[in-house]
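A, B, ... follow the sequence lines: proteins, then strands. Residue 1 opens every chain.
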Amino acid sequence: MELVAQGPYRFGIERHGPMRVPGVVFASRELLRDARQSLEQVANVATLPGIVGASYAMPDIHWGYGFPIGGVAATDVAAGGVVSPGGVGFDISCGVRLLAADCDAQQLAAALPDVMDDLDRVIPRGAGPGGVWHPRGEGELERILEGGARYAVERGYGEERDLTRCEDGGAVADADVSQVSARARERGLGQVGSLGSANHFLEVQQVAQVRDAAAAEAFGIREGQVCVMIHCGSRGLGHQICTDHVRAMDQAMARYGITVPDRQLACTPVDSPEGRAYLGAMAAAANYGRANRQLLAHAARQVFRRAAGARLTLVYDVSHNLAKIETHQVDGDRRRLCVHRKGATRAFPPGHPELPPDLREFGQPVLIPGTMGTASYVLVGVAGGDAFFSTCHGAGRVMSRHRAARAVTGAELRDRLERAGTAVRPLSLRGLAEEAPEAYKDVDAVVAASEGAGLCRGVARLVPLGVVKG
DNA sequence: ATGTAC
């Protein structure tokens, strides 16, 4: 794949073959080496009907289902632009929630082992069923799919202020539960309030460094402070919705005269029965994901209150796997676009009307989960960035699970982390080994490249004190 | 990511 350097952190893929727009990869030269194999997917996405601007890739790009993870693509709704479930991914609404405690790491030190033991007991995780809340039948599940974190708060699992610090106020209005299959509902019913497995985690962290004092203060974080970061998604429900709608679109595509270079890019126009059906089901999964993180946050709050007498306040909750209908400036006019962000985080700039009033002058908080034993970040959206106000989402995998598990044993990794001062509460040692930090890119380099590319600005760097893993 | 395949 031919790449043209367009800046220190920006590389272009010129249009070739059926590409409708160019590709743009934001990365340092070093990160680009890990991205090579995924560039074909960036070019494939550029062939989608209605795509505008470019097919973008973030510095943490890696191989995904159809679209690369770390990909951003926007299509023009009025011009026959498509929506593709592969552009969101199987874990619809996977995202990150950060809570800040009213204590510093030093103050928590004595209680930390108790906090970790309690979290170990109360946080459901791993594959399969289990959750902190069991909805009373499908009726209540539907309330979650329509109301998201808002419904969880209504039922007493949180406080009203949580919703102002949650993307979309805790719920999107366009969920269509009739497009959520019986099988998806069945899988979702038993997993409300659960982490899942793989790279999902709940971490107790410490703010190691503040890089933007004014933004940090507005977000409610300060150096030395204890935080809780929750990274999880919509579990089997989102997975099943993706499966169902990929199949439906794969079968319907030909009727719209759409051909794609990879069947995993199955798509139909946003403005089609199949497109609307997917977006309605996706919105339901998005709400499920927010409710999931709301319930886990509630469980963590109870643990912190009981074991440490500490209170947790929500900093922000944002997804990095969603498609959204947004209005953007394209070639001088305002256009309604379907913005796919898959392993990419929305990063609204200062002044954006969708931001809560107390954050508006600073920009949208962006939460970047690192890997065990490495840092996580709080960033903020900036004006003038490319890629429809999007930035990176995490470290990005470079080693397969299998290779990671061969490179290190779970017991070795656990001992290494504990020696480095990070308490570890894994569900399985095999799962722990698969998530070894060396299986990922350097999150510090990913964040530096994202900042260098003008996509965001650093606010704070957090380091782990304890990690709860599936 | 995922009752790690229909």
Spacing of His200(A) atom NE2 relative to dT2(B) atom C1', expressed in whole Å: 10 Å

Gap between atoms CG and C1', on Leu427(A) and dT2(B) respectively (whole Å): 15 Å

Integer-rounded Å distance: dT4(B) C1' and Arg401(A) CZ: 9 Å

Value in whole Å for how far the P atom of dC6(B) lies from CG of Asp250(A): 14 Å

Distance test, side-chain N/O of Ser197(A) to OP1/OP2 of dT2(B), below 4.0 Å: yes

Rounded interatomic separation in angstrom, taking CZ from Phe90(A) and P from dA5(B): 12 Å

Protein-nucleotide distance (Leu195(A), atom CG; dT2(B), atom P), rounded to Å: 10 Å

Sidechain N-carboxylate O distance under 4.0 Å for Arg406(A), Glu434(A): no

Pairing of Arg290(A) and Glu167(A) as salt bridge, 4.0 angstrom limit: yes

Salt bridge flag under 4.0 Å for residues Glu354(A) and Lys324(A): no

Salt-bridge criterion met for Asp91(A) and Arg235(A) (N-O under 4.0 Å): no

Between C1' of dT2(B) and CD of Gln264(A), the distance in whole Å: 15 Å

Integer-rounded Å distance: dT4(B) P and Arg397(A) CZ: 18 Å

Near-strand residues of residues 229-237 of chain A, defined as heavy-atom separation under 4.0 angstrom from DNA chain B: Arg235(A), Gly236(A)

Salt bridge Arg397(A)-Asp60(A), side-chain N to carboxylate O under 4.0 Å: no

Basic-acidic side-chain contact under 4.0 Å: Arg301(A), Asp162(A): yes

Sugar-phosphate, base or nothing in reach of Gln191(A), heavy atoms under 4.0 Å: sugar-phosphate

